[in-house]
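Working notes, beginning with the structure itself.
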Amino acid sequence: MKSDRNASTANLHHNLILEDRANMNLSGVTDVDCFDERTIRLYTQLGELVIKGRNLHIDSVSVETGDMRISGDVWSLQYGDRDRKGPLSALGKLFR
């Protein structure tokens, strides 16, 4: 059963490079749910990612390639459910 899951994610990718806890380059981004200067919640091809810190700023986003650049003081990176790859429906948000 595990090989089925690996086969289904074989074409999906997500990379993250964090330099000096201040500059971050991401790939495989599919959607940005919400953001402010302390939290950025986004979705990658492999699931949810929450970035927390101070003075966070989205410098660039490419819808075509899924690349994103973030700057600021990064405190934590938290990956969520692998099965959640995009925004929830309105009903799903109520029960989240």
Side-chain angles (χ1 to χ4, degrees):
M1 184 111 177
K2 245 184 181 179
S3 62
D4 292 337
R5 184 173 200 160
N6 290 339
S8 68
T9 61
N11 294 328
L12 303 177
H13 74 280
H14 162 65
N15 292 308
L16 183 147
I17 298 172
L18 179 61
E19 301 169 352
D20 301 325
R21 292 183 62 175
N23 297 304
M24 183 182 308
N25 292 304
L26 298 115
S27 66
V29 175
T30 59
D31 190 30
V32 178
D33 186 31
C34 62
F35 63 93
D36 59 29
E37 66 180 23
R38 295 177 88 42
T39 304
I40 299 173
R41 181 183 310 271
L42 57 90
Y43 295 93
T44 72
Q45 292 181 356
L46 296 176
E48 180 182 24
L49 172 61
V50 178
I51 303 162
K52 293 188 179 184
R54 180 178 50 193
N55 298 324
L56 297 176
H57 185 267
I58 297 175
D59 296 328
S60 65
V61 178
S62 173
V63 177
E64 292 84 26
T65 63
D67 295 335
M68 177 182 276
R69 181 160 177 79
I70 296 171
S71 61
D73 189 13
V74 176
W75 294 346
S76 73
L77 303 169
Q78 180 180 6
Y79 282 95
D81 193 358
R82 246 182 197 270
D83 296 332
R84 225 188 278 170
K85 294 187 179 117
L88 298 173
S89 66
L91 185 59
K93 286 183 180 181
L94 288 174
F95 293 105
R96 188 162 114 177

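Basis for what follows: all heavy atoms, side chains included, without hydrogens, waters or symmetry-related copies.
Residues S27 and H14 come closest through the heavy atom pair O-ND1, 2.9 Å.
Partners of D73 according to the salt bridge (charged side-chain N to carboxylate O under 4.0 Å, His left out) rule, which considers only residues two or more places apart in sequence or in another chain, are R54. Looking at residues two or more places apart in sequence or on another chain, you find a side-chain contact (heavy atoms from CB on, under 4.5 Å) between T65 and S62, D67. With sequence neighbours excluded, the residues that form a side-chain contact (heavy atoms from CB on, under 4.5 Å) with N55 are E37. Judged as a side chain to side chain donor-acceptor pair (under 3.5 Å), and not counting sequence neighbours, T39 has no contacts.
Through direct or relayed side-chain contacts under 4.5 Å between Ile, Leu, Val, Met, Phe, Trp and Tyr, L16 connects to L18, M24, L26, V29, V32, F35, I40, L42, L49, I51, L56, I58, V61, M68, I70, V74, L77, Y79.
Distance OG/S60 to CG/N25: 7.5 Å, rounded to 0.5 Å. Here the CD atom belonging to Q45 is positioned 7.0 Å from the OG1 atom belonging to T30, to the nearest 0.5 angstrom.
You'll find the side chain of H13 stays beyond 4.5 Å of the side chain of T44, heavy atoms only. A 4.5 Å side-chain heavy-atom check between R38 and K52 finds every atom pair outside the cut-off.
Listed by first and then second residue, the salt bridge (charged side-chain N to carboxylate O under 4.0 Å, His left out) pairs that reach into residues 20-29 come to none, sequence neighbours excluded.
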